[in-house]
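Taking it in order: structure first as structure tokens, then the write-up.
Predicted, not measured: the structure shown is a model, and the values here were computed from it. Values below: all heavy atoms of this structure, side chains included; hydrogens, waters and symmetry mates excluded. Every chain is numbered from 1, with letters handed out A, B, ... down the list of sequences.
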Amino acid sequence: MDVSYILDPLNDAQREAVAAPPGPVLVLAGAGSGKTRVLTHRVSWLVEAHGVSPLSVLAVTFTNKAAQEMRGRIEGMLGYSLRGMWMGTFHGVAHRLLRAHHRDAGLEEGFQILDSADQHRIVRRVLRDMGLDEGYWAPKQVQWYLNAHKEDGRRAQHLGEPSDTQQRQLLGIYKNYEDLCRRFSLVDFAELLLRAFELLQHNEPLREQYQRKLQHVLVDEFQDTNAIQYELIKLLGQKFRQVFIVGDDDQSIYGWRGARVENILQFEKDFAGAQVFRLEQNYRSTANILNAANAVIDINRGRLGKKLWTEGGDGESVKLYNAYNEFDEARFVVARIQSWVDRGNPRGDTAILYRSNAQSRVFEEILLDTGIPYRVYGGLRFFERAEIKDALAYLRLAARRRDDPSFERIVNVPARGIGNKTLEQVREHARINRLSLWDAARTLIESRELSSRAVSALSGFLELIDDIDTRIDKLPLAEQVDTAIRIGGLPDHYKKEKGEKAEARLENLEELVTAARQFGPRDEEEDLEPLTAFLTHAALEAGEGQAEAWEDCVQLMSLHSAKGLEFPMVFLTGMEEGLFPHQRSLQEPGRLEEERRLCYVGMTRAMQQLYLSHAEIRRWHGRENYPSPSRFLGEVPGEFLEEVRGSGFSLGVNRRRRAVPEAGAGGGLRLGDHVRHASFGSGTVLNLEGRGEHARVQVKFDDVGSKWLVLGYANLDRV
DNA sequence: AACACCGCGTTTTTT
DNA sequence: ACGCGGTGTT
């Protein structure tokens with residue numbers, strides 16, 4: 001087979017990686033270096049040059065979008081459909097395994113997937129059942145605790161018997177949560193992965209079967225894998241060791257949700273003899289942008305080390321704008337966008353990036369005033385909207401009466417006289433007799449323990465669900481959805497709500513029917529009943545935020561959502577201490593480095609023009625703040641940076657320049673250094689400021705907390 | 001059952 | 001500041 005069409009478009013490093021002999025391969029791919037390209041070409045190359053069947057390839061990504069894109073690109077290259085190929089998200093792949101072997105995995109056939117909102121409900125129920133105070137045991141915290149353990153592969157039974165009361169109680173919550181989920185075959189996101197892992201770990205024939213079947217394993221964004229995801233990869237890949245992973249330690253920005261960059265290092269140990277390739281040629285940004293970004297990321301320690309370069313020209317310098325306040329900042333950004341557009345460029349070429357979503361508001365205001373179309377990423381997505389979840393709950397309950405989360409959700413939506421009191425009785429009855437809410441309701445109705453009003457309301461609801469179930473049997477999917485929505489009474493319910501919101505909700509309900517009509521199951525969903533497949537799809541893929549933006553518009557998004565994207569003109573806004581790096585990341589040294597990587601990710605989104613901005617005054621959480629410019633600004637060498645003035649509309653009042661922090665401050669100490677102080681003991685450097693005599697350093701001491709010290713007097717020893 | 005009020009949290013996000 | 005969820009009132 002002539003594979004030149006696969007290898008020719010690649011540069012040397014890419015080609016070496018793509019054509020590496022099958023075996024463990026680690027590709028360290030810098031921003032804009034053609035990471036996806038290497039992955040897609042590798043799959044094509046395996047197929048064309050080695051005669052590997054696409055069906056024996058497993059390719060894993062983190063988002064559905066990335067999976068779809070990869071599939072599309074490979075199909076384009078090979079010229080045929082990859083139906084049946086194992087390509088998808090970690091969760092999608094785990095789900096496919098569990099559906100196929102639900103019995104071995106100890107799950108009912110129709111097991112339900114809990115999204116984090118469902119999980120939240122279940123946690124609250126567990127807390128209530130245990131008589132614990134929700135104020136003290138914040139359900140969010142409990143969720144975090146549960147997921148963190150599961151993502152590290154720890155079940156309640158592995159946690160032993162903690163001596164600490166609080167830990168003991170948390171463990172109790174974990175046990176009850178697991179128990180509830182097991183009884184009703186509910187599976188949260190972390191559970192999908194853990195369950196799939198355990199399935200393969202404990203079931204040797206099955207493990208062998210899949211190791212043999214999926215002989216080639218490829219992983220995208222490897223720096224974002226958590227412990228259990230990596231274990232899963234190891235389990236599948238250890239037999240043939242044909243594992244090809246692509247990642248960038250400098251773009252690891254999800255440590256806070258359990259991602260482990262160390263997995264990259266671990267990979268070289270677990271798969272000894274792995275070939276390592278570095279992709280450092282960047283095809284995206286100008287040299288100025290790249291050099292600026294390189295200088296920033298270079299400050300982090302413990303990097304695997306990569307330096308991006310480009311064959312392109314210097315381009316314009318990176319621009320720095322000192323805004324008076326957040327409105328001035330927004331006006332400046334919008335004016336620059338306006339003139340970009342006036343020069344005949346698309347609005348969609350520009351992106352406004354920020355650390356936290358709340359910052360979008362001011363930009364939206366100014367864009368609205370100026371009449372420039374924009375799109376904000378983030379926020380509630382389609383399948384997460386209340387009305388959609390309500391509609392799906394009717395379908396879920398009709399399909400499976402034991403679905404407690406759905407029962408809770410819609411039992412009184414629209415209001416049908418089933419109040420809290422009745423519900424409490426149902427819950428209590430369910431808890432004591434270990435029944436589903438549905439069965440508890442049914443037996444309670446028969447037991448005459450309820451008021452006649454409650455009985456009629458409750459049995460009305462049960463009949464309603466039964467009715468939906470009978471009616472939708474044998475209907476095409478879209479009609480099933482439509483029928484459930486109508487019989488459930490959701491349109492009338494939402495019509496009563498006033499304002500634009502109601503209209504939007506009704507439109508969304510219609511949109512759901514349309515979505516059902518157009519729904520074609522993915523590979524892993526195709527053996528299921530259409531309705532089950534659709535419900536699964538809704539749980540595993542939350543859909544886009546706003547409807548696809550057909551209009552050419554300015555893109556507003558958080559730095560995290562910008563990862564993987566590129567724009568000719570990028571504004572990195574709100575570069576202030578406390579905001580970016582975020583206050584909450586200043587407590588731990590590791591977190592600060594992650595913020596810096598986030599900064600690096602943001603900067604490397606820019607192709608031609610990069611603007612950095614900060615404000616002297618910023619209203620934040622209702623209070624006026626006077627933040628110092630972000631330390632990251634000081635980390636960009638002056639030679640690449642050019643300060644620009646506003647376009648005449650800035651207020652100019654009280655304008656006092658604040659010096660951007662100097663890089664190289666702190667007399668030789670570096671962030672994260674371990675130091676020792678004569679009386680405070682040992683600690684870690686969190687922060688550096690100033691230089692020479694006056695340099696100050698913030699140290700987090702192991703025993704006495706964090707303190708600011710003047711370097712000239714403190715007498716710190718580096719350990 | 002509908003509405004008002006109070007208090008809390010408020011980084012980032014996918015599945 | 002602001003929005004959400006929970007509680008209390010009519």
request  = Tell me what A:Tyr254 touches on the nucleic acid: a base, only sugar-phosphate, or nothing, going by heavy atoms under 4.0 Å.
outcome  = sugar-phosphate

ask   = If you look at every strand shown and take non-hydrogen atoms under 4.0 Å, does A:Ser116 touch a base, only sugar-phosphate, or nothing?
value = base

request  = Write down the distance between OH (A:Tyr354) and P (B:dT12), rounded to a whole number of angstrom.
outcome  = 10 Å

message = With a 4.5 Å cut-off on side-chain heavy atoms, are A:Gln119 and A:Tyr177 touching?
response = yes

Stacking of A:Trp256 on B:dT12 base (centres under 5.5 Å, planes under 30°) = yes

query = Looking at A:Arg409 and A:Asp118, does any basic side-chain N land under 4.0 Å from a carboxylate oxygen?
reply = no

key: Carboxylate-amine/guanidinium proximity below 4.0 Å for A:Arg591 and A:Glu595   = no

Nearest-Å distance for atom pair CD/P, residues A:Glu541 and B:dT13 = 18 Å

query = On DNA chain B, nearest-nucleotide positions of A:Ile418 versus A:Leu598: which is more 5'?
reply = A:Ile418

ask   = Please give, in whole Å, the distance from B:dT12 P to A:Arg257 CZ?
value = 13 Å

A:Phe382 CZ - B:dT14 P separation (whole Å) = 17 Å

request  = Round to the nearest Å and state the distance from A:His120 atom NE2 to B:dG9 atom C1'.
outcome  = 12 Å

query = Between B:dG7 atom C1' and A:His621 atom NE2, what is the distance in whole Å?
reply = 16 Å

key: Residue whose closest nucleotide on DNA chain B lies nearer the 5' end, A:Gln141 versus A:Ser561   = A:Gln141

ask   = If you check the A:Ala415 side chain, which of B:dT13, B:dA2, B:dT15 turns out closest?
value = B:dA2

ask   = Counting side-chain heavy atoms from C-beta on, which of B:dT12, C:dG5, B:dT14 comes nearest to A:Arg124?
value = C:dG5

message = Within the 4.0 Å heavy-atom criterion, would you say A:Asn412 contacts the bases, only the backbone, or no part of the nucleic acid?
response = sugar-phosphate

ask   = Short question: side chain of A:Ser252, backbone of A:Asp249 - any donor-acceptor pair under 3.5 Å?
value = no

message = Using a heavy-atom cut-off of 4.0 Å across all strands, would you classify A:Asp224 as base, sugar-phosphate, or nothing?
response = nothing

inquiry  = Could you tell me how far apart A:Leu97 (CG) and B:dT15 (P) are, to the nearest whole angstrom?
reply    = 19 Å

task = Keeping the roles fixed (side chain from A:Glu576, backbone from A:Ala615), state whether a donor-acceptor pair exists under 3.5 Å.
result = yes

ask   = Can you check the A:Asp118 CG to B:dT15 P distance for me, whole Å?
value = 16 Å

inquiry  = Check this one for me: any side-chain N or O of A:Asn357 less than 4.0 Å away from OP1 or OP2 of B:dT12?
reply    = yes

query = Quick one: which of C:dA1, B:dT13, B:dT10 gets closest to the side chain of A:Arg584?
reply = B:dT10

message = Among B:dT14, C:dA1, B:dT12, which nucleotide has an atom closest to any side-chain atom of A:His560?
response = B:dT12

